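Accompanying notes for the structure given below.
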There are 2 protein chains.
Amino acid sequence: MSLEFAILGFLNYHPYTGYDLKKIFDTSIRHFWPADQSQIYRTLARLTGQRFAEVEKVPQEDRPDRKVYHITERGRAELLRWLAGPPPMGEPRSAPLIQVFFAGQLSDEEVLAKFEGFAAVMRAILSQYNQVPAQIGPYEQEITSPREHFFWLLTLDNGIRSMRANLEWAENVIAQVKAGKVPHK
Amino acid sequence: MSLEFAILGFLNYHPYTGYDLKKIFDTSIRHFWPADQSQIYRTLARLTGQRFAEVEKVPQEDRPDRKVYHITERGRAELLRWLAGPPPMGEPRSAPLIQVFFAGQLSDEEVLAKFEGFAAVMRAILSQYNQVPAQIGPYEQEITSPREHFFWLLTLDNGIRSMRANLEWAENVIAQVKAGKVPHK
DNA sequence: ATATAATATATGATTAATCATATATAAGGA
DNA sequence: TCCTTATATATGATTAATCATATATTATAT
């Protein structure tokens, strides 16, 4: 479902091919909704079947023909209905937390290494996030209005705040392990 | 993959049936790894096929026979290898952030309602999390050691910190909308 | 000269997860 | 009495997502 709406969201800005959309995803929302090329193409086919989008075939000579997708009125209405509707559920799953839950099986040294590993990953992601504003470049031309830009920055702010909270959590655990505050069996 | 290790983690504490495991999941890790009954049964079958677990059939008279699963040495080794190994990737996907990304299509009033909806959901989840320690009851008998209890509380702390950071983010957005700081097109 | 990246779309296979439903019996509540 | 809940396991169908691979041409880099 979500991918359909993400694609409709971009088609609402401008008509695009599947190839365009893959690049746009990879330079914008991939941080909270990565999309596989094959899945984008299959979803475009489904959106067309539902008459939320229409295909315009653009023949090319030396390149494969392009299939440019245009959002329909039906599609636009569907998008706005979803946007104004109730909040979709956030994905609750976290594989790292399964490791934490059962980490009592490890020695204190292993626990320390594990959480230092978590912290390293989180710092790497945070520094990636901090570089995002500098990478808007090519995408900025697609999203023209300052209003759209504002909401794009909000998603980034969300990521940064979440990751900071997670990093603080991990650092707090590391301090506890080092202080010998982890109970033994 | 993750579900396999979660099940191995519990079988490492004690032998259980699929039915037991479903109840244990629902009173413990369902907040970060919900599991469907049918998926638990199918995964137990797979774990048995991989010789990470063994079945003990316990006939009953007035109830259906129980299939009690025991972790094997192979299974225990596999679990510990995974626990000590590299951090698994966190799930990046967030459907709510797709709504935020395209929220510029809504009016300021709709945006305000949307974020108040987010905040309400987050507050509800937070208050659920705050009630978790009181609900340990039945599960506490399964996890005996204070060490295991400590790590269980760490997963809860992670959830609370994340959710608080998210709520602060939403409240910050609400304040910005109310202050008329959202750019128009 | 050779390899790989870019342009462009498409399908097959597989996995993880969800939803629905089936079977069978007993206990407890309305 | 009738309905629901609890005990216990199992399968079929479907969806979302991933991975691999196929096709075909041009431009660029080694």
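Since we're looking at a predicted model, the values are computed, not measured. Lettering of chains follows the sequences in order, A, B, ..., and the numbering in each one begins at 1.
- Look at B:E4 and B:R46 and you find a salt bridge, because one of the NZ, NE, NH1 or NH2 atoms lies within 4.0 Å of a carboxylate O, short of that distance.
- Note: CZ (A:F25) to P (D:dA17) measures 10 Å, nearest angstrom.
- Computed from coordinates, the A:I29 CD1 to D:dA17 P distance equals 11 Å when rounded to whole Å.
- Residue order along DNA chain D, read from the 5' end via each residue's closest nucleotide, puts B:Q39 first among B:Q39 and B:R93.
- A perpendicular orientation is assigned to the rings of A:F102 and B:F10, their planes being inclined by more than 60° (bins at 30° and 60°).
- Following rounding to the nearest Å, B:R66 (CZ) and D:dT7 (P) show an atom-to-atom distance of 10 Å.
- Taking atom NZ of residue B:K67 and atom C1' of nucleotide C:dT23, one finds them 15 Å apart after rounding to whole Å.
- With distances taken from any side-chain atom of B:R42 to the nucleotides D:dC19, C:dA10, D:dA13, the minimum falls on D:dA13.
- Within 4.0 Å (heavy atoms only), B:S2 reaches no atom of the nucleic acid at all.
- In this structure, OH of A:Y41 is placed 18 Å from P of D:dA17, rounded to the nearest angstrom.
- Residue B:D20 contributes atom CG, which lies 10 Å from atom C1' of D:dA8 at whole-angstrom precision.
- Nucleic acid contact for B:K23: sugar-phosphate only, since backbone atoms but no base atoms lie under 4.0 Å from a heavy atom of the residue.
- Closest to the side chain of B:D36, from the set D:dA16, C:dC19, C:dT9, is C:dC19.
- Nucleotides of DNA chain C nearest to A:Q60 and A:S38 differ in position, and the one nearer the 5' end is that of A:Q60.
- Remark: B:Y19 is not in phosphate contact with D:dT9, judged by side-chain N or O atoms under 4.0 Å from OP1 or OP2.
- B:Q37 comes within 4.0 angstrom of a nucleotide base, judged by non-hydrogen atoms across all strands.
- Side-chain atoms of B:Y13 and B:E148, non-hydrogen and from C-beta on, do get closer than 4.5 Å to each other.
- A salt bridge does not link B:K114 with B:E109: every distance from a Lys NZ or Arg NE/NH1/NH2 to an Asp or Glu carboxylate oxygen is 4.0 Å or more.
- For the pair A:K57 and C:dT9, the criterion of a side-chain N or O lying under 4.0 Å from OP1 or OP2 is not met.
- As a whole-Å value, the separation of A:M89 CE from D:dA16 C1' is 15 Å.
- A salt bridge links B:D20 with B:R66: the closest approach of a Lys/Arg side-chain nitrogen to an acidic carboxylate oxygen falls below 4.0 angstrom.
- Here D:dT11 presents its P atom at 13 Å from CG of B:L44, a figure rounded to the nearest Å.
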